[in-house]
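Since the structure is predicted, the reported quantities are computational estimates derived from the model, not experimental observations.
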Amino acid sequence: MGTVLFSSFQKEKPEAVRISLPYKKAGLSERQAAAHLLSRFTYGARSGDIDIVVKEGLEKWFLEQLEGKLPDDSLNQLLTTYTDINLTNTEVENLYPRNAQVVRMAVKDGFIDKDSVNTGDKKKYRGQIQSYMQMKGIKPEQELSRQFISQKILRAAHTNNQLRELLTDFWFNHFNVSLTKNQSSLYIPAYERDVIRPNVTGKFENLLLATAKSPAMLIYLDNFTSIGHPEDADVADNGMMDMDMQMMGEAQQKRNTAIAAANAKNRNESNRNTNNSGQMNRSPSDMAAAAKKQQAKVAAYKKLQAAQNKKKSGGLNENYAREVMELHTLGVDGGYTQKDVTEAARVLTGWTMAPMGENGYGANIKKTLDKIGYANLKNRGFIREDDFLFAPSRHDNGEKVVLGKKFAAGRGYDEGLELMHMLAHHPAAAKFITKKLAIRFVSDNPPQSLLNKMAATFTKTDGSIRDVMITMVTAPEFWTKESLREKTKSPFEVAMSAVRGLDAEIKQPYQLFTWINKMGQKMYYYQAPTGYPDRGQYWINTGSLLNRMNFGLALASQKITGVKVNLRALNNNHEPESAEAALEIYGKLIMPERDLQSTIERLKPLLKDPDLLDKVQKAAEKTPSPTAMNTMMNEDTEMMGAKPKTVVPKKNKAQAAAENNMMLAQVVGVILGSPEFQRK
């Protein structure tokens, strides 16, 4: 166990880093320690990775991973297919207009008649829209999300900078935004690329501030609509209000139109009733009831209109202020009150989006800013940074008090910066953030002694994520037997560790997304701002275990389109003598440096069932009740009715080779579905 000097990779002043990993005190060999590092700081060990880490030195390997600057030429070549993941938000707005916007454009250009929208021959209508998009050179939104998801899978599978990719996943989940919210979905690729990934090992405050200014977050948690009561209204308000109304979405506008039409119809009916009252021969009681009903409708409509007018004229939105304290910094027990949430929301009024796209959400405000003149924006109190805009016309200029700290009136944008600084440096944030890191990389229930060390480092180093990670990995608690293989892999981690462990060739990464979704994790689609839970209990739910076994068998049997594996190559093209021998050989190859004896004994009954793949697939489709991890294989064996296969003698060479391939695929699939492989 050596000591390494390593230059800092932070943008701040470089300083020497000296680390020593205390794995020997925990009774681990160098190879066992290397396996533990690979299990926690990569998406899974590839063949030969342990030898590489040992040869390089464990300390040096970890620091290089933390730096995240290893060459990735092979990965970059694979990513050249997905050109749109590099687009700016403005370019995305122009190339990927939303569905409702495409319809408006097609109607405006006279390509389709407005009366044909969602009426008549729907197949013909869809064909017209597709033809129009091809003519204009624009793409459907699904194409961008498909490229975005595919690049994530390729990065996780192939990058040499594995820890940086893991931290990108961790921080994206911490500052979660979701593709389920259409208004913000197009901005999510740039959010991960430009906001999350570059800041994963830097100062926490920088990461927090970058997320707060991102269009994806501004829309996802609605802060872009939040308006205070400025003392000096600005002409920019009209344009900003127009943008807010556009962001309400087509569905809301359609509802408003329908209500207005219904109201007009009711008025016409009322007029006809009045004009033809003699001819209608209605009783006084009927007419009174009708009038009362009409009055109720009018009152309801007026109430709705008042609500919409209030929304149009602006109002305080507390969504982001609440989540930035509860989920991003202080935690649910961070000591803040509802009053603090409201006051923080007032501080953050005016934090919105800059103009983006020719016809997108920022089109109206762009016209307004053009009138003011960009040279005059700063003098008028506007702050523009890339896609972020602070609009003083929307800011509450009054005095506020958050967590006992007074924010003086009239300080505009600087109030928000001060709030972010205060939250990022709050003692509750040090505890909350470092505990989440410990849960992700150490155990579901990390020891308090480790949490204290990490929180102290966070405070001492001004929130340096890099230094917190070093404190974690150099602490004895990281290396204890209680922490080894204590974490349960998420479905994404299961898939990535499997393709890495088998050195798979991935031609169609989106096919893996389908399987990951089947196992219970639809990446980027978690709707709540909490992000996915990071404890094993969440993943071991109904059907998940059998779906994991189903995935392992499908991967090993070459049944996943566009994903190829060469199982014999993993064993230097040597053919095991039997299924039992293959189980031991490939178990050690896929899960190196582990005691697999009990696992092997549990898996043996599954090896000779010729119908195992079909049985697991059918059982997974029925989504059985969840089972405990440590009894999974025993219960699966009983359920599948695994029986020894009768050996048929005198096979020819072709038959024997085919059976050996099937046997090996079944062995590897069973290993990938085993409880031991689910742990990291």
Side-chain angles (χ1 to χ4, degrees), residues 9-11 38-44 62-72 75-76 78-79 82 85-86 145 147-179 185 187-214 216-217 220 327-328 433-434 436-441 463-466 468-470 472-473 487 489-493 495-497 499-500 509 512-513 516 521-526 529-532 534 680:
F9 45 83
Q10 296 291 97
K11 292 183 179 180
L38 287 164
S39 73
R40 295 305 167 82
F41 300 125
T42 74
Y43 277 107
F62 175 77
L63 289 170
E64 283 183 345
Q65 284 295 309
L66 201 54
E67 184 176 15
K69 293 183 178 179
L70 295 173
D72 259 331
L75 170 64
N76 293 334
L78 292 173
L79 293 177
Y82 307 99
I85 62 173
N86 298 313
S145 62
Q147 288 195 30
F148 179 51
I149 289 168
S150 295
Q151 65 88 32
K152 178 179 178 68
I153 290 171
L154 289 176
R155 286 182 188 276
H158 295 299
T159 183
N160 292 321
N161 298 291
Q162 284 282 300
L163 178 52
R164 180 164 290 271
E165 204 57 33
L166 280 167
L167 284 169
T168 298
D169 182 78
F170 171 83
W171 288 116
F172 187 102
N173 194 61
H174 179 77
F175 294 104
N176 185 51
V177 294
S178 175
L179 287 174
S185 61
Y187 306 130
I188 292 178
Y191 176 72
E192 181 181 88
R193 181 192 69 221
D194 300 334
V195 173
I196 302 295
R197 184 170 282 112
N199 292 298
V200 295
T201 57
K203 300 290 187 182
F204 176 73
E205 180 181 0
N206 295 339
L207 177 56
L208 174 66
L209 188 59
T211 59
K213 293 180 177 180
S214 165
M217 183 65 75
Y220 178 62
L327 301 179
H328 299 171
I433 298 302
T434 55
K436 287 195 71 172
L437 283 166
I439 289 173
R440 176 63 176 264
F441 291 103
S464 169
I465 301 168
R466 178 205 64 166
V468 169
M469 294 292 291
I470 290 174
M472 179 183 71
V473 78
K487 292 292 295 180
K489 296 175 184 176
S490 68
F492 180 65
E493 290 171 328
M496 293 302 98
S497 60
V499 296
R500 283 177 61 80
L512 287 170
F513 170 69
I516 294 164
Q521 185 180 12
K522 193 173 184 180
M523 297 128 56
Y524 299 114
Y525 281 89
Y526 194 81
T530 55
Y532 281 106
D534 212 358
K680 60 176 182 175

Do you know the tightest heavy-atom contact between [X] and [Y]?
X: Leu79; Y: Gln151; value: CD2-CB, 3.8 Å
X: Ile516; Y: Pro491; value: O-CB, 3.8 Å
X: Ser178; Y: Tyr220; value: N-CE1, 3.6 Å
X: Leu179; Y: Ser145; value: CD1-CB, 4.2 Å
X: Ser214; Y: Val195; value: CB-CG2, 4.1 Å
X: Arg500; Y: Ala157; value: NH1-O, 3.0 Å

Note, [X] side chain near [Y] side chain (heavy atom, < 4.5 Å):
X: Val473; Y: Phe41; result: yes
X: Ile153; Y: Met523; result: yes
X: Pro529; Y: Asn176; result: no
X: Ser150; Y: Phe513; result: no
X: His158; Y: Asp72; result: no
X: Phe175; Y: Leu208; result: yes

Point-to-point distance, once rounded to the nearest 0.5 Å, from [atom1] of [X] to [atom2] of [Y]:
X: Leu167; Y: Asn161; atom1: CG; atom2: CG; answer: 11.5 Å
X: Tyr191; Y: Phe148; atom1: OH; atom2: CZ; answer: 10.5 Å
X: Arg40; Y: Leu166; atom1: CZ; atom2: CG; answer: 11.5 Å
X: Glu205; Y: Ile465; atom1: CD; atom2: CD1; answer: 11.5 Å
X: Ile196; Y: Thr168; atom1: CD1; atom2: OG1; answer: 8.0 Å
X: Leu70; Y: Gln162; atom1: CG; atom2: CD; answer: 10.5 Å

Practice problem: Without swapping roles, check the side chain of Arg440 against the backbone of Asp534 for a donor-acceptor pair under 3.5 Å. | Solution: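 No, the answer is negative, given that no donor and acceptor are paired below the 3.5 Å cut-off.
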Exercise. Applying side-chain contact (heavy atoms from CB on, under 4.5 Å), run through Tyr524 and Phe172 and close with a yes or a no.
Key: CA-CA 9 Å; Tyr524 299 114; Phe172 187 102; 3.5 Å; yes
Please work out whether the ring planes of [X] and [Y] are parallel, tilted or perpendicular, with thresholds of 30° and 60°.
X: Tyr532; Y: Tyr526; value: tilted
X: Tyr43; Y: Phe492; value: perpendicular
X: Phe204; Y: Trp171; value: tilted

Self-check item: Lys152 and Asp169 ion-paired at < 4.0 Å
Solution: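 Salt bridge: yes.
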Self-check item: Pair Glu165 + Arg197, salt bridge at N-O below 4.0 Å
Solution: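 Salt bridge flag = yes for Arg197 with Glu165.
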Quiz item: Between Met217 and His328, does a side-chain contact (heavy atoms from CB on, under 4.5 Å) hold up when you go through it step by step?
Solution: CA-CA 12 Å; Met217 183 65 75; His328 299 171; 3.8 Å; yes
Practice problem: Run the numbers on Met469 and Leu163 for side-chain contact (heavy atoms from CB on, under 4.5 Å), then give the verdict. | Solution: CA-CA 11 Å; Met469 294 292 291; Leu163 178 52; 4.1 Å; yes
Self-check item: Stepwise side-chain contact (heavy atoms from CB on, under 4.5 Å) check, Ile433 with His174
Solution: CA-CA 9 Å; Ile433 298 302; His174 179 77; 3.6 Å; yes
Practice problem: Would you tell me whether Lys489 and Ser497 have side-chain atoms, one donor and one acceptor, within less than 3.5 Å of each other? | Solution: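 Side-chain D/A pair, Lys489 to Ser497: present.
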